[in-house]
Amino acid sequence: MKSKNILWLYLFLFAGIIDIVFTANGEFSSRIFTKPLILIALWGFFIFSSKNIKGTILRKSISAALIFSWLGDVLLMFPDLFLYGLGAFLMAHICYIIGFKIAQTNPFAIGKVNFIHLFFVNLPIYILAAIVYFLINPGLGPMKIPVVIYLIVIVMMVTTARERYKKTNPVSFWQVFLGGMFFMVSDGVLAINMFFKPFPESGVIVMGTYIIAQFLIVRGILAHLDHLPKTIHK
């Protein structure tokens, strides 16, 4: 790993740790400096680490996902802009879905799909989403439609990550899939805190799982690139 890449990664980890400390101590005004820096640093790490696929749809989709996530982070710092933040993260998940579909072996191959098998394999993901929805549904009010749409899209993001199984190398698969699951847990805790029952530990859990999620997804995509033939990188 080159020195410039590792410096971006250190900045990402530093900003993430400091932001979690601020969150735990209730110093929300200080987070205006740390929270936006997290995804800027991770985006820098990804850009410098993926120069070998410059100009590809994969690089553009993952880069767009990180930029939309950064925008969502900024917007969610202001309660009145929650819906716009939700929209930004919705776009981030759509970009991740595109990236996950591309970052696999023969992504556009058409084959037989066993929908019953697919349903049961993805069932744990559906159950987790259903539990969150069951808990928050009574408190959604006018936010019900956008939250349901968002929930469907994040489920699609995680199932797309799961469907990369045996279509990439194991390191890439597990990092991206676990990253997707951590993202879902982070959003689930945020939703429960907002629409069901607030609890003081939610902020640390949300940011901790979110930071892990974004890091694992980026590292997983880069791990996929590391195992490709050099000619594919060009």
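The figures that follow rest on heavy atoms only: side chains count, while hydrogens, waters and symmetry mates do not.
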Side-chain contact, heavy-atom cut-off 4.5 Å: Val148 with Ile152?
-> yes
What are the two closest heavy atoms between Met77 and Pro36, and how far apart are they?
-> CE-CG, 3.9 Å
Mind checking the CD1-CE spacing from Ile136 to Met194? Nearest 0.5 Å is all I need.
-> 10.0 Å
Determine whether more than 12 heavy atoms belonging to other residues, nucleotides or ligands lie under 6.0 Å from atom CZ of Phe199.
-> yes
Mind checking whether Ile125 and Met181 have side chains closer than 4.5 Å, heavy atoms only?
-> yes
Are the aromatic rings of His93 and Phe183 close, with centres under 6.0 Å apart?
-> yes
Side-chain contact test, heavy atoms from C-beta onward, threshold under 4.5 Å: evaluate it for Trp43 versus Leu39 and give yes or no.
-> no
Can you tell me how far CD1 of Ile192 sits from CD1 of Ile205, rounded to the nearest 0.5 angstrom?
-> 9.5 Å
Quick one: do Arg31 and Asp19 make a salt bridge, cutoff under 4.0 Å?
-> yes
Assess the pair Phe100 and Tyr96: is the distance between their ring centroids shorter than 6.0 Å?
-> yes
Does Asp187 have any side chain to side chain donor-acceptor pair (under 3.5 Å) partners at least two apart in sequence or in another chain, and if so, which?
-> Tyr150
Can you check whether Phe195 reaches Val147 side chain to side chain, under 4.5 Å on heavy atoms?
-> yes
How about Leu216 and Trp174: do any of their side-chain heavy atoms sit closer than 4.5 Å?
-> no
Atom CD1 in Ile98, atom CD1 in Ile102: separation rounded to 0.5 Å?
-> 7.0 Å
Rounded distance [0.5 Å steps], CD in Gln175 versus CG in Leu178 = 8.5 Å
Identify the heavy atoms of Asn193 and Pro198 that sit nearest to each other, and give their distance.
-> OD1-CA, 3.1 Å
So CG of Leu225 and NZ of Lys51: to nearest 0.5 Å the spacing works out to 14.5 Å
Flag if over 12 foreign heavy atoms under 6.0 Å of CD1, Ile127 = yes
Out of Ile221, Leu9, Ile217, which residue meets the side chain to side chain contact (heavy atoms under 4.5 Å, CB included) rule with Phe46?
-> Ile221
Taking the six-membered ring for Trp, are the ring centroids of Phe215 and Phe45 within less than 6.0 Å of each other?
-> no
Of all heavy-atom pairs between Ser172 and Gly220, which one has the smallest distance, and what is that distance?
-> OG-O, 2.7 Å
Going by heavy atoms in the side chains, are Phe182 and Ile211 under 4.5 Å from each other?
-> no
Is there a side-chain contact between Ser202 and Leu190 (heavy atoms, below 4.5 Å)?
-> no
Is any side-chain heavy atom of Thr105 less than 4.5 Å from a side-chain heavy atom of Lys166?
-> no
Shortest non-hydrogen separation from Lys35 to Leu76 and the atoms involved | NZ-CB, 4.1 Å
Mind running side-chain contact (heavy atoms from CB on, under 4.5 Å) on Val121 and Glu163 for me, showing each step along the way?
-> CA-CA 9 Å; Val121 170; Glu163 288 162 12; over 6 Å; no
Looking only at heavy atoms, what is the nearest atom pair of Ser61 and Cys95, with distance?
-> O-CB, 3.3 Å
About how many Å separate CZ of Arg164 and NE2 of His224, when rounded to the nearest 0.5 Å?
-> 6.5 Å
Work out which heavy atom in Val158 is nearest to a heavy atom in Gly180; give both atom names and the distance.
-> CG2-O, 3.4 Å
Enclosure of Ile57 CD1 (heavy-atom neighbours >12, cutoff 6.0 Å) = no
Does the pair Leu66 and Ser63 meet the rule for a side-chain contact (heavy atoms from CB on, under 4.5 Å), with working shown?
-> CA-CA 5 Å; Leu66 293 171; Ser63 183; 5.8 Å; no
Do other residues, nucleotides or ligands put more than 12 heavy atoms under 6.0 Å from the CZ atom of Phe82?
-> yes
Could you walk me through whether Phe33 and Phe22 pass ring pair (Phe, Tyr, Trp, His ring centres under 6.0 Å), step by step?
-> CA-CA 11 Å; Phe33 303 105; Phe22 284 156; 8.7 Å; no
Pair Ser49, Asn5: side-chain N/O donor-acceptor within cut-off below 3.5 Å | yes
